[in-house]
Amino acid sequence: MRLAILFAAVLPLAAQTPAKPPLTKAPGDPVTLTIFANSLPDRAPLGLQWEVVYPAQLMDPEGKPEAGSAAVDSGKSLECKPRKEYSFACVLSGGSKPISDGQIAVFHFRIHPDAMPGKVTLRIQSASARQKDNSDAALRNTESVFIIR
């Protein structure tokens with residue numbers, strides 16, 4: 001199981017894709033963080049949990065995180081709670097079907113109007129997958145970068 005993230009449906013970031021220049025945003029712009037799951041055949045998990053870490057000094061969440069299409073199609077629900085002022089702890093669970101490959105969660109943020117130019121990193125960390133045998137498998141941390149101009 002791998003988790004990958006995508007900004008604004010423009011910049012895929014996963015180990016198997018070639019490096020692309022970071023997405024550029026301006027103060028006041030929206031930022032969409034989309035999380036994808038990709039499993040080995042016959043190894044799709046029944047549930048996932050992870051933490052999204054974002055720079056609260058530069059951006060604010062807008063609305064609640066949403067379950068992605070693969071999560072909904074798998075009969076899962078997404079529960080994300082603020083863990084600290086700069087992170088969400090999320091659990092994707094429910095039902096007995098494994099989680100399909102594809103979009104599992106969507107987060108919406110807005111860059112502060114007074115944000116200074118520079119590099120911004122969003123991280124997915126402390127991720128684990130609940131397997132069919134009820135064991136938990138740790139997943140690698142991943143991150144993505146965009147630039148405030």
task: Measure the acute angle between the ring planes of Phe109 and Tyr54, then classify it against the limits of 30° and 60° as parallel, tilted or perpendicular.
output: tilted

task: Report the distance from atom CG of Leu46 to atom OG of Ser93, rounding to the nearest 0.5 Å.
output: 10.5 Å

message: Other residues, nucleotides and ligands only: do more than 12 of their heavy atoms fall within 6.0 Å of CG on Asp114?
response: yes

message: How close do Pro27 and Ala115 get, counting heavy atoms only, and between which atoms?
response: CG-O, 3.5 Å

- prompt: Is there a donor-acceptor pair under 3.5 Å between the side chain of Thr142 and the backbone N or O of Ile124?
  reply: no

- prompt: Minimum heavy-atom separation for Pro65 to Cys80, with atom names?
  reply: CG-CB, 3.8 Å

query: Looking at His112 and Ala56, what are the two nearest heavy atoms and their distance?
result: CE1-O, 3.1 Å

message: Which residue is it: Asp29, Thr24, Val31? I am looking for the one with a side-chain contact (heavy atoms from CB on, under 4.5 Å) to Phe146.
response: Val31

- line: Separation between CZ (Phe88) and CZ (Arg83), nearest 0.5 Å, reads 13.5 Å

- prompt: Backbone N or O of Ile111 within a donor-acceptor pair of the Asp60 side chain at under 3.5 Å?
  reply: no

- request: Report yes or no: do Val53 and Leu92 belong to one cluster of Ile/Leu/Val/Met/Phe/Trp/Tyr joined by side chain heavy-atom distances under 4.5 Å?
  value: no

query: Do Leu122 and Val52 share a hydrophobic cluster (ILVMFWY, side-chain heavy atoms under 4.5 Å, transitive)?
result: yes

Residue pair Lys132 / Arg43, side-chain heavy-atom distance below 4.5 Å: no

Spacing of Leu58 atom CG and Met116 atom CE [to the nearest 0.5 Å]: 10.0 Å

field: Single-linkage hydrophobic cluster Ile104~Val91, side-chain heavy atoms < 4.5 angstrom
entry: no

field: Closest heavy-atom pair and its distance - Ala67, Leu78
entry: N-CD2, 3.8 Å

field: Donor-acceptor pair, side chain of Lys97 and main chain of Asp73, under 3.5 angstrom
entry: yes

message: Quick one, Lys25 and Val120 - any side-chain contact, counting heavy atoms below 4.5 Å?
response: no

Exercise: identify the closest heavy-atom pair between Glu51 and Ser87: OE2-OG, 3.0 Å

message: Using modelled atom types and a 3.5 Å cut-off, is there a donor and acceptor pairing between side-chain atoms of Lys81 and backbone atoms of Ala89?
response: no

message: Show the nearest heavy-atom pair for residues Gln125 and Asn141, with the distance to one decimal.
response: CA-OD1, 3.1 Å

field: Donor-acceptor contact present, side-chain Ser135 to main-chain Gln131, <3.5 Å
entry: no

task: Return the set of residues passing salt bridge (Lys or Arg N to Asp or Glu O under 4.0 Å) with Glu62 (not counting sequence neighbours), or none when no residue passes.
output: Arg110

message: To the closest 0.5 Å, what do you measure between NZ (Lys64) and CD (Glu79)?
response: 7.0 Å

message: Is there a continuous path of hydrophobic side-chain contacts, each under 4.5 Å between heavy atoms, that joins Val106 to Ile99?
response: no

- prompt: Do Trp50 and Leu139 belong to the same hydrophobic cluster, where Ile, Leu, Val, Met, Phe, Trp and Tyr are linked whenever their side-chain heavy atoms lie under 4.5 Å apart, directly or via other members?
  reply: yes

- request: Could you tell me which residues satisfy salt bridge (Lys or Arg N to Asp or Glu O under 4.0 Å) with Asp136, sequence neighbours excluded, listed by chain and number?
  value: Arg130

- request: Could you tell me whether a side-chain N or O of Gln103 sits under 3.5 Å from a main-chain N or O of Ser69, the two making a donor and an acceptor?
  value: yes

message: Any donor-acceptor pair under 3.5 Å linking the side-chain atoms of Glu143 with those of Thr121?
response: no

message: Test your reading of the model: is there a side-chain donor-acceptor pair from Asp101 to the backbone of Ser39, 3.5 Å cut-off?
response: yes

